[in-house]
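Side-chain atoms are counted along with the backbone in the values below, which use heavy atoms only and exclude waters and symmetry mates. All ligand and atom numbering here is 1-based and tracks the order in the structure.
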Amino acid sequence: MEPEGREPSVLVVFAHPALERSRANTVLADAARDAAGVRFHDLYETYPDFVIDVEAEQRKLLAHQVIALQFPMYWYSTPALMKEWLDLVWLHGFAYGKGGDRLEGKQLFVACTTGGPAQAYHKRGYNRFTMEEFLRPLEQTAALCGMTWENPYVVHGARLKDSAHIQGEADRYRARLEGLAAGARETV
Ligand SMILES: Cc1cc2nc3c(=O)[nH]c(=O)nc-3n(C[C@H](O)[C@H](O)[C@H](O)COP(=O)(O)O)c2cc1C
């Protein structure tokens, strides 16, 4: 949400293929929808058939300083539609490569939930790698596009947490988004 007359500076791009079964992301998504300076964009709601309007998506990216990606971790990566969106929208000549400087100077922020607990994301845990390591493809995407990589917001063990804990995470997530929005306004 945004006070009248001011464009939001943060675009939250959200992907969850089974929101009706979600516990964590529905609550986090409500917090993001509520946050000042934030526009919320639900990919599975907008493109249930996976047919992405590339130009509309590029216009959305251009209109915001901070691009936030919110998703549950699926097979150590993003859900399929978010990958499709990256593949089709973040094009050569737009996001990277010759003439591809349109995202330069923007910020990329990831907000991700995992089923695995925090201790699993460790070289001696059952997932063997840290969250920073699993998010490196996105971190490098930001670098290739000349974007600043913001410290990700990660909620581990999302299926086991009780509602009060998830609500606390959502409140912290909203505060983080509002901080990014306020910071982005100061830079323009
Ligand atoms: C297809 C699929 C793949 C998943 N892959 C992972 C994974 O790689 N790592 C992990 O920690 N959790 C994994 N999970 C668990 C989800 O990340 C977890 O259920 C989700 O973050 C909880 O958020 P939600 O309540 O909004 O669905 C997977 C779940 C599904 C359905």
Side-chain angles (χ1 to χ4, degrees), residues 1 8 10-35 38-52 57 60 66-90 107-143 149-181:
M1 261 182 359
V10 177
L11 176 68
V12 174
V13 180
F14 175 58
H16 195 306
L19 206 49
E20 67 287 353
R21 289 200 295 276
S22 156
R23 284 188 68 234
N25 278 281
T26 39
V27 182
L28 295 176
D30 284 347
R33 277 194 198 89
D34 251 21
V38 172
R39 173 166 290 137
F40 188 81
H41 179 37
D42 184 337
L43 288 181
Y44 279 91
E45 182 182 72
T46 312
Y47 303 115
D49 51 7
F50 273 55
V51 180
I52 293 174
E57 294 302 312
K60 275 201 179 68
V66 181
I67 311 303
L69 307 181
Q70 184 192 328
F71 57 91
M73 178 166 264
Y74 274 15
W75 290 114
Y76 308 108
S77 184
T78 66
L81 183 54
M82 184 167 277
K83 181 59 166 57
E84 178 83 347
W85 175 82
L86 283 162
D87 293 351
L88 297 186
V89 178
W90 294 47
Q107 294 147 259
L108 188 64
F109 171 57
V110 163
C112 176
T113 62
T114 74
Q119 61 271 25
Y121 285 90
H122 186 274
K123 71 172 189 275
R124 282 185 294 280
Y126 67 79
N127 284 326
R128 304 200 304 128
F129 301 97
T130 64
M131 213 44 203
E132 288 72 28
E133 290 171 302
F134 285 117
L135 292 177
R136 283 219 174 115
L138 290 171
E139 183 176 354
Q140 174 53 23
T141 299
W149 178 245
E150 297 293 338
N151 195 22
Y153 191 86
V154 179
V155 180
H156 284 298
R159 295 210 70 78
L160 305 172
K161 300 280 161 64
D162 64 29
S163 320
H165 185 103
I166 290 173
Q167 190 54 56
E169 293 287 3
D171 292 343
R172 283 187 285 281
Y173 176 46
R174 183 198 291 111
R176 186 76 198 282
L177 288 171
E178 290 183 342
L180 285 165

Under 3.5 Å, is there a donor-acceptor pair linking the side chains of Q70 and H16?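 No donor-acceptor contact under 3.5 Å links the two side chains.
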Residue list, salt bridge (Lys or Arg N to Asp or Glu O under 4.0 Å) with E178, at least two apart or on another chain: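 Per chain and number, E178 pairs via salt bridge (Lys or Arg N to Asp or Glu O under 4.0 Å) with no residue.
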At less than 3.5 Å, what protein N or O atoms come close to the N or O atoms of ligand 1? Include the distances to 0.1 Å.
residue: ligand 1; atom: 5 (N); partner: M73; partner atom: O; Å: 3.4
residue: ligand 1; atom: 5 (N); partner: W75; partner atom: N; Å: 2.8
residue: ligand 1; atom: 8 (O); partner: W75; partner atom: N; Å: 3.2
residue: ligand 1; atom: 8 (O); partner: Y76; partner atom: N; Å: 2.8
residue: ligand 1; atom: 9 (N); partner: Y121; partner atom: OH; Å: 3.0
residue: ligand 1; atom: 11 (O); partner: G115; partner atom: N; Å: 3.1
residue: ligand 1; atom: 11 (O); partner: G116; partner atom: N; Å: 2.9
residue: ligand 1; atom: 11 (O); partner: Y121; partner atom: OH; Å: 2.5
residue: ligand 1; atom: 12 (N); partner: G115; partner atom: N; Å: 3.0
residue: ligand 1; atom: 14 (N); partner: M73; partner atom: O; Å: 3.3
residue: ligand 1; atom: 17 (O); partner: M73; partner atom: O; Å: 2.7
residue: ligand 1; atom: 17 (O); partner: G115; partner atom: N; Å: 3.4
residue: ligand 1; atom: 21 (O); partner: T113; partner atom: O; Å: 3.2
residue: ligand 1; atom: 21 (O); partner: T113; partner atom: OG1; Å: 2.6
residue: ligand 1; atom: 23 (O); partner: N25; partner atom: ND2; Å: 3.4
residue: ligand 1; atom: 23 (O); partner: T113; partner atom: OG1; Å: 3.4
residue: ligand 1; atom: 25 (O); partner: R23; partner atom: N; Å: 2.7
residue: ligand 1; atom: 25 (O); partner: A24; partner atom: N; Å: 2.9
residue: ligand 1; atom: 26 (O); partner: H16; partner atom: NE2; Å: 3.4
residue: ligand 1; atom: 26 (O); partner: S22; partner atom: OG; Å: 2.7
residue: ligand 1; atom: 26 (O); partner: N25; partner atom: N; Å: 2.8
residue: ligand 1; atom: 26 (O); partner: N25; partner atom: ND2; Å: 2.8
residue: ligand 1; atom: 27 (O); partner: H16; partner atom: NE2; Å: 2.8

Donor-acceptor side-chain pairing of Y47 and E84 below 3.5 angstrom: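 Their side chains do not contain a donor-acceptor pair, so the 3.5 Å distance test is not met.
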For R136, which residues count as a side-chain contact (heavy atoms from CB on, under 4.5 Å) partner, sequence neighbours excluded?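 Scan of R136 (side-chain contact (heavy atoms from CB on, under 4.5 Å), adjacent residues dropped) gives E133, E139.
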Ring center gap for Y121 and F134 short of 6.0 angstrom: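 Ring centres of F134 and Y121 closer than 6.0 Å.
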Partners passing salt bridge (Lys or Arg N to Asp or Glu O under 4.0 Å) against D49 (at least two apart in sequence or in another chain):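 Residues passing salt bridge (Lys or Arg N to Asp or Glu O under 4.0 Å) with D49: none at all.
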